[in-house]
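Reviewing the structure listed below.
We use all heavy atoms of the structure for the numbers below, so side chains are in, but hydrogens, waters and symmetry mates are not.
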Amino acid sequence: MERLTNTDKWKDEWFLGLEPYSKLIFVFLYENCDNAGFYSVSAKFMSSQLKINQKDIIANTIALEDKVIFSNDRKKVWVKNFLFYQNQLPLDINNSDH
């Protein structure tokens, strides 16, 4: 599936208020999640890709709590509104991506 990105996020008050690492992590999660918006969090992998230490990965991912939902064990996140911004709503049972 090709990914769409909404460049208006750079003007959004919520996004403007994020620390630089949080912005980078949000874009990373958005671009690396699966087609439903889920990402299995690996601070070690994210650290190697983003060149941010693991402690900062964890702290800045937590700072995204109003845009992502964590699983109970905090090993997965779901990017809220991912499907909306990918023009995948409403869901369609006949669409293999859904």
Side-chain angles (χ1 to χ4, degrees):
M1 175 173 104
E2 288 186 20
R3 296 285 170 98
L4 304 174
T5 188
N6 182 345
T7 58
D8 286 341
K9 70 178 160 286
W10 295 97
K11 300 171 194 161
D12 185 286
E13 288 297 321
W14 170 82
F15 198 76
L16 287 170
L18 291 176
E19 295 295 323
Y21 282 171
S22 294
K23 288 178 183 175
L24 182 58
I25 290 168
F26 179 77
V27 172
F28 178 88
L29 293 172
Y30 192 87
E31 292 182 355
N32 287 280
C33 65
D34 67 16
N35 289 344
F38 289 95
Y39 183 79
S40 295
V41 177
S42 167
K44 183 177 181 178
F45 177 75
M46 292 171 71
S47 177
S48 72
Q49 295 296 302
L50 301 173
K51 306 300 184 217
I52 300 171
N53 70 54
Q54 291 183 41
K55 180 181 172 187
D56 287 335
I57 293 284
I58 293 165
N60 285 276
T61 303
I62 290 170
L64 300 172
E65 280 188 313
D66 54 338
K67 294 296 179 183
V68 301
I69 296 175
F70 292 90
S71 63
N72 289 340
D73 61 8
R74 304 199 67 70
K75 291 183 180 182
K76 280 195 171 197
V77 296
W78 179 63
V79 179
K80 292 180 184 179
N81 295 323
F82 177 77
L83 294 173
F84 173 77
Y85 286 112
Q86 295 303 305
N87 295 321
Q88 295 295 312
L89 294 178
L91 295 177
D92 179 358
I93 196 166
N94 296 314
N95 182 330
S96 62
D97 285 336
H98 297 175

Extract all donor-acceptor atom pairs below 3.5 Å that involve side chains of residues 12-19 and protein atoms in other chains or at least two apart in sequence.
{"from": "D12", "atom 1": "OD1", "to": "W14", "atom 2": "N", "distance (Å)": "2.7"}
{"from": "D12", "atom 1": "OD1", "to": "F15", "atom 2": "N", "distance (Å)": "3.4"}
{"from": "W14", "atom 1": "NE1", "to": "D66", "atom 2": "OD1", "distance (Å)": "2.9"}
{"from": "W14", "atom 1": "NE1", "to": "D66", "atom 2": "OD2", "distance (Å)": "3.1"}

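Residue L64 forms a side chain to side chain contact (heavy atoms under 4.5 Å, CB included) with just one option from V77, V79, I25, and that option is I25.
The salt bridge (charged side-chain N to carboxylate O under 4.0 Å, His left out) pairs that include a residue from residues 45-61 number zero, where partners must be two or more places apart or lie in different chains. Residue pairs meeting the salt bridge (charged side-chain N to carboxylate O under 4.0 Å, His left out) criterion with at least one partner in residues 69-88, sequence neighbours excluded, are E65-R74.
With sequence neighbours excluded, no residue forms a side-chain contact (heavy atoms from CB on, under 4.5 Å) with A59. Taking D8 as the reference, N6, K11 meet the side-chain contact (heavy atoms from CB on, under 4.5 Å) condition, with sequence neighbours excluded. With sequence neighbours left out, the side-chain hydrogen bond (donor to acceptor under 3.5 Å, both in side chains) criterion links Y21 to no other residue. By the ring-ring contact (aromatic ring centres under 6.0 Å, His included) test, F28 is found to be paired with Y39, residues two or more places apart in sequence or in another chain being considered. Residues passing the side-chain hydrogen bond (donor to acceptor under 3.5 Å, both in side chains) test with K9 are T5, sequence neighbours excluded. Here K44 pairs with S42, Q54 under the side-chain contact (heavy atoms from CB on, under 4.5 Å) rule; sequence neighbours left out.
C33 approaches F82 most closely through the heavy-atom pair SG-CE1, 3.5 Å. Here the closest non-hydrogen pair linking S22 and N60 is OG-OD1, 2.8 Å. Smallest separation of non-hydrogen atoms from S47 and I52: OG-O, 2.6 Å.
Residue I69 belongs to a hydrophobic cluster whose other members are F38, W78, with links defined by side-chain heavy atoms closer than 4.5 Å.
Under the 4.5 Å side-chain criterion, counting only non-hydrogen atoms from C-beta, L29 is not in contact with K67.
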